[in-house]
Amino acid sequence: MRIKFDMQLEELNKNMISMGALCESAIAQAVKSLIEHDLSLVESVKYAEKEIDHKEREIEGLCMKLLLQQQPVAKDLRTISSALKMITDMERIGDQAEDIADIVHFCDLSNENCRRDISEMATSAINMVNLSIDAFVKKDIETAKKVLAMDDKVDDLFIKIKGDIIKLIAENPEEGENAVDIVMIAKYLERIGDHATNIAEWVEFSLTGSHE
């Protein structure tokens with residue numbers, strides 16, 4: 001019985017990795033579409049978002065099977081319940097990547113400072129998602145804590161972008177509408193960082209039973 005349970009847990013890990021990879025791809029494609037103004041990539045983001053939704057339902061089904069058909073001990077129960085929480089955050093990451101892609105048609109990211117900072121935010125957010133899922137699969141609390149620390153950088157970049165945008169509007173009032181779009185994109189990336197932080201916190205809970 002335990003052998004079958006362990007096999008299903010391994011299947012859960014593989015599905016979590018797959019869903020995380022879809023999230024990373026959606027973020028990367030959305031920001032690349034924005035920076036290169038490549039509208040052809042928008043559909044790739046929308047496809048990834050649908051695949052993320054599908055993967056969420058698949059993992060939910062597997063978790064319910066583990067809960068109902070097996071008899072998980074306390075630690076296993078924390079792992080399964082944490083996975084259910086994590087996939088909710090990953091699904092929202094997919095939504096926010098799609099929200100960024102939806103703005104690509106209207107947004108001009110030619111401002112060099114904003115362009116650089118948005119790219120850096122995206123890279124950090126992708127790394128956070130990658131490391132948080134890696135921490136879950138490898139049961140590595142130190143990696144989870146690293147993700148929590150990385151969120152400060154994303155928050156600092158968001159504050160910097162807001163400051164740059166205020167200056168941009170002051171100097172070029174006609175840029176107001178485009179500036180709002182840039183702030184929205186930065187906000188979506190900041191929220192993605194928050195979701196990755198949530199995932200890391202659930203990893204910590206799965207390992208220690210403590211959740212901040």
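Please read these numbers as outputs of a predicted model, since none were measured by experiment.
- The main-chain N or O of R78 is found under 3.5 Å from a side-chain atom of S81 such that the two form a donor-acceptor pair.
- Summarising the local packing, NZ of K85 is surrounded by 12 or fewer heavy atoms from other residues, nucleotides or ligands at distances under 6.0 Å.
- Side-chain contact check for N198 and D89: at least one donor-acceptor pair (N or O, by modelled atom type) lies under 3.5 Å.
- Inter-residue side-chain proximity for L12 and Q8 is flagged as unmet; no heavy-atom pair is nearer than 4.5 Å.
- The closest donor-acceptor contact from the side chain of S18 to the backbone of K14 lies at 3.5 Å or more, if one exists at all.
- Counting non-hydrogen atoms of neighbouring residues, nucleotides and ligands closer than 6.0 angstrom, the NZ atom of K146 reaches no more than 12 such neighbours.
- A donor-acceptor contact shorter than 3.5 Å links the side chain of R115 to the backbone of I35.
- A 4.5 Å side-chain heavy-atom check between I165 and L168 finds at least one atom pair inside the cut-off.
- With N172 contributing its side chain and E175 its backbone, the two residues share no donor-acceptor pair below 3.5 Å.
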side-chain contact (heavy atoms from CB on, under 4.5 Å) between I161 and I185: does it pass, once the steps are laid out? CA-CA 10 Å; I161 288 169; I185 289 163; over 6 Å; no
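- The pair K187-E190 counts as a salt bridge, with a side-chain nitrogen and a carboxylate oxygen less than 4.0 angstrom apart.
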Run the numbers on M90 and M16 for side-chain contact (heavy atoms from CB on, under 4.5 Å), then give the verdict. CA-CA 9 Å; M90 285 196 278; M16 294 293 283; 3.7 Å; yes
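- For the pair D102/E98, a side-chain contact is recorded, criterion being any heavy-atom separation below 4.5 Å from C-beta on.
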Apply side-chain contact (heavy atoms from CB on, under 4.5 Å) to Q96 and H195, showing your working. CA-CA 10 Å; Q96 278 143 15; H195 287 304; 3.2 Å; yes
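- Other residues, nucleotides and ligands contribute at most 12 non-hydrogen atoms within 6.0 Å of the CD atom of E177.
- More than 12 heavy atoms of other shown residues, nucleotides or ligands fall within 6.0 angstrom of atom NZ in K46.
- A donor-acceptor contact shorter than 3.5 Å links the side chain of T208 to the backbone of E204.
- Residues K160 and D156 form no side-chain contact, since every pair of their non-hydrogen atoms from C-beta on lies 4.5 Å or further apart.
- No side-chain donor-acceptor contact under 3.5 Å links S33 to the backbone of Q29.
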Would you check, one step at a time, whether the test side-chain contact (heavy atoms from CB on, under 4.5 Å) holds for M19 with I87? CA-CA 8 Å; M19 189 173 182; I87 60 174; 3.7 Å; yes
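- A salt bridge is absent between K55 and E91; no separation between the charged side-chain nitrogens and carboxylate oxygens falls under 4.0 Å.
- You'll find the side chain of D117 stays beyond 4.5 Å of the side chain of F158, heavy atoms only.
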